[in-house]
Amino acid sequence: MSTLAHPLAPELRVLNGRDLAGLLVSLILVVAPHAERAPWWLAVLVLFLYGWRAYLGYVQGPLPPRWLLFALTAAGVAAVWAHYHTVFGRTPGIMVLCLFSGLKLLETRSHRDAGVVAFLCFFLIITNFFYSQSIPTALLMCVALIAITTTLVGFAAPQRPPRANLRTAGLLLAHAAPTALALFLLFPRVDGPLWGVPEDAYAGITGLSDMMSPGDIAHLALSDAVAFRVEFHGKPPPSAERYWRGPVLWDFDGRNWRAGRPVIAKFKPPRGGGQTYRYSVVLEPNDYRWMYALDTAASLPPRASYTADGVILARRPVRQRIRYELTSVIDPAPDPAANPAALRRALMLPPAYDMRSVRLAHEWREASHSDAEILRRALDFLRKGHFMYTLEPPRLGLDSIDEFLFETKAGFCEHFASAFVFLMRAAGIPARVVTGYQGGDINPVDHVVTVRQWDAHAWAEVYLSGRGWTRVDPTAAAVPGRISSGLEGAVPVGEKIPLLMRSQLHWLRELRYRWEALAYKWNIWVLGYNPQHQRELMSLVGIRDASWRQLTATLFTLLGIFIAVLLAWSLRRLARPDPVQKAWKSFCGKLRARGIERSPYEGPRDYAERAARGLPQAGSAIHRIGELYVALRYGRAAPPARVDELRRLVRDLRLT
Amino acid sequence: MILRTLLANPRFANWLYGFTPPERGVVILRHRRVYIVPTRMGWLYGATLVVLLLGSINYALSLGFALTFILAGLGLAGMVHTARNLARIAVSTGRAEPVYAGESAQFRLLLDGRVPFERPSILVRHVGSGAQLVVDVPAKALAEVVLAVPAAKRGWLALGRVMLETRYPLGLFRAWSYVEPDASCLIYPRPESTPLPSASADVRGGSVHARITGSDDFSALRGYQPSDSPRQVAWKAVARTEKMLTKQFSGESAGELWLDWRLLPDELDLEQRLSRLTGWVIAAQESGAPYGLRLPGSEIAPSRGDAHRAACLRALALFGTA
């Protein structure tokens, strides 16, 4: 008998048109965001496979033979390989998965295959999170999840209308929510990957790098990607003082500036100085170790290290959003201490390049009495030189500094910083290029400062005896508008700048501010949820420094409670006694106490009759109870008023 | 193998299933009696979750965690909902009309949802025969299932064990329960299609005989059979058609037709005799003439009508079964 066909076995249940439609909708929802990164032919191919299956479902035609599917699979994988030169990286792997979803659909006949496709959808959902974990992505994937769940319910209940299945899916997901929340909050999180991740896992991240060539930052300034967000505890400094220090570039080869290997130093907080700011930074992944800090850091985040040129380094490259607390001092007390080797390095120049600039620097040196004077002359040169600030700097040749200073006279901040540091070095003043971000946008809704890639900036630091390393921003000197009114005010009208930077669109900005305030919370509480948050949460319920054992114990306790509640809920509606039946039982009990017991064969009407005869003083009530019971129990409808009457009569029945 | 163990040890099975068959009246599937295990799809779902979790940990995908945990919650909710789809359902049986051996007994099972929500996709399967059906039990209403159980032997056929199973809503879990309602169906002997004995049958070795009072009330001719009296043979028709034909008479005046055990040839065994008698009862009922049934140790006086027929067939069905 076990060989009998089982009507509920998924391998025997044939996929109907509605199931197929559900699967297609789910697949399209989860695959759609990948279209953006897929080569066009792959997007077309996957769409074609879906369309083919939809057509075969519509005309109820036979599915393609297996050899054809094998051939298509092989051809598709080969094409992906030809395009990416591998199929094992993250993006090629995902593309192959998208391809498989279409091919699997083409051999899906039964609910078992359909179930596999539904589970494949779960994988495809998670692949989207590799690229974006924003609120819109999350919402889209929620819709996809509802679609998949509805489809699964549809497999189990093919005769029900889709709306009923949708309702059931909603109910199931609502019931899943408490468990999901408890797991999300309490499931012990691990820091860092369990095994190596593919090489290209962090490709495509925009941001500063440890190398700067002319045009790099101008290119970066076209991106509206968020670099980091800062929440000040107290009033934030004015925009012109918000220099976020990043990589310091020492080595110049005539064209590129390089940071070189970081030199780790003991952290020494500045002694006094100007205003102190406390703030927390939520840093977007950038695949480098730098942790951006305002001006001069006065504290170090835990487990971070500090370089001799004043950059904070994380333990590992930042490959996920991290949050850290910092204190900074703007305009700290002078610290003239310096490493002689570092000062020598800060004077190195590539030989035999940019001779015109070198001569100019030598002239300044001869005509000046102090380093400060040379500095002043250089800034004057930039201020009066009619330099143009542009996002589209002209290309530069071999003598990039000479060409910029004397010929093209148009550039972005990296041109100014690079030329200025070159001139300083040529004049014998130790100098270095500092890259980072300048300014940032304060959101009036939550006062969070958002620093984007378009805020990327490069400036100079020169070593002045007696003062130590001092910041000089040559761009500010040459193009005062850049720092005071931002990029938009500084570049010539007509240059393409990112849409959201244009100040005419006030309402759009307003909307953006609200959205970003929400996104900030999302980043911190959902995406940035980490072991530290878990410990904070546990300390709220009185468990300090919770270990993973305590987390697990709490988690399982909660899960147990949820399941018990869910079971109780499922039984509550089943176990709720029928009020009519309950009243009748109580009535029978009262009569039994008076010695009138109902015989098993006796109908309610006869029983009431007999009881009324035996207890004539309550006869009318007993009669009425019998009548009501029969009407409610066996009648067509049970009006609540009559149910109430029955209950009242039984309650008030006194058989003395 | 487990199934075989259970069949071999009914008491163990009773303990395991939480009831002792047969169950009288309405059977309510209490939670104790509803079993639930993951289906193969359920295991695959679990494996999917493990992979998703590992991926989320490795790539530190916060939303990956969220997805994995929602799916885990969904699995648990699905489990509770699957059990709920069967829990506290009330099973009762309707009347099963008697059938002849060799046909299928039509057992009617009533599933009472008793709840304000639907219970879709419930498989009802007769364990013994494999007869099965999938029904949806509507909210606050009954669903009727007719299980066609093959009836091989005459007598009472007990329904036996019936399995209720559901995989709704997600197909990840399989919940099932066994019931063995106290229902049985009367199975008449397998009828042998055979002409009636003549009303004036030659009764061998006894005083009982069928008497004909109105032989002029001729109604029809039928084929001759060895038990017919030569006086009934329509000799004129035989001469004309060269076929042995027997005259048949109808109406009150046709006299009493006795379907007598002793009219049957000796070479027939018990079941064959009962089959022949059953065939006679059917034929007699069709002819419309009153007939009586005589079995060793019992006798049903000649009469007509459905009730009479039922009484005769019942006597045949239960003959010799205490």
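As the structure is a prediction and not an experimental result, all values here were calculated from the model. Chain letters run A, B, ... following the sequence lines, proteins first, then strands; residues in each count from 1.
If you take CZ on R112(A) and CG on L44(B), they are separated by 10.0 Å, rounding to the nearest 0.5 Å. Here the straight-line distance linking atom NE2 of H175(A) with atom NE2 of H81(B) works out to 4.5 Å at 0.5 Å rounding. Atoms CG and CD1, on L181(A) and I70(B) in that order, are 9.5 Å from each other to the nearest 0.5 Å. Atoms OG1 and CD1, on T68(B) and I125(A) in that order, are 10.0 Å from each other to the nearest 0.5 Å. If you take CZ on F130(A) and CG on L61(B), they are separated by 5.5 Å, rounding to the nearest 0.5 Å. Rounding to the nearest 0.5 Å places CG of L152(A) at 7.0 Å from CG of L172(B).
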Given L566(A) and L76(B), is the side-chain contact (heavy atoms from CB on, under 4.5 Å) satisfied, shown in steps? CA-CA 9 Å; L566(A) 207 54; L76(B) 284 179; 5.6 Å; no

Assess whether side-chain contact (heavy atoms from CB on, under 4.5 Å) is satisfied between M41(B) and H111(A), documenting all intermediate values. CA-CA 10 Å; M41(B) 286 271 281; H111(A) 281 169; over 6 Å; no

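Looking at F119(A), the atoms closer than 4.5 Å to chain B (heavy atoms on both sides) sit in the backbone and in the side chain alike. With a 4.5 angstrom heavy-atom cutoff, L71(B) touches chain A only via side-chain atoms. In this structure, the portion of T166(B) lying under 4.5 Å from any heavy atom of chain A is its backbone and not its side chain.
Between F184(A) and F65(B), the ring center distance fails the sub-6.0 Å criterion.
A 4.5 Å side-chain heavy-atom check between L67(B) and L145(A) finds at least one atom pair inside the cut-off. Here the side chains of F122(A) and Y45(B) are in contact, with some heavy-atom distance below 4.5 Å. Annotation: side chain of Y168(B) is in contact with side chain of T168(A) (closest heavy-atom distance under 4.5 Å). In this structure, F187(A) and L53(B) have side chains that are in contact, with non-hydrogen atoms separated by less than 4.5 Å. Proximity of F123(A) to L52(B): side-chain heavy atoms (C-beta onward) are separated by under 4.5 Å at one or more points. Here the side chains of P158(A) and P120(B) are not in contact, with every heavy-atom distance at 4.5 Å or above.
Closest of all the heavy-atom pairs between L74(B) and A176(A) is N-CB, 3.2 Å.
In terms of heavy-atom pairs under 4.5 Å with chain B, the best-connected choice from T151(A), L173(A), T137(A), L172(A) is L172(A). Heavy-atom pairs under 4.5 Å with chain B were tallied for V153(A), I126(A), L8(A); the largest tally goes to L8(A). Comparing A83(B), A72(B), G73(B) by how many heavy-atom pairs each has under 4.5 Å with chain A, the most go to G73(B).
Counting heavy-atom neighbours within 6.0 Å of R18(A) CZ, excluding the residue itself, gives a total above 12. Heavy-atom neighbours of W156(B) CH2 from other residues, nucleotides or ligands within 6.0 Å: above the threshold of 12.
Within the 3.5 Å criterion, the main-chain N or O of S62(B) finds a donor-acceptor partner in the side chain of Q133(A).
Remark: E165(B) pairs with R167(B), R174(B) by the salt bridge (charged side-chain N to carboxylate O under 4.0 Å, His left out) rule, at least two apart or across chains.
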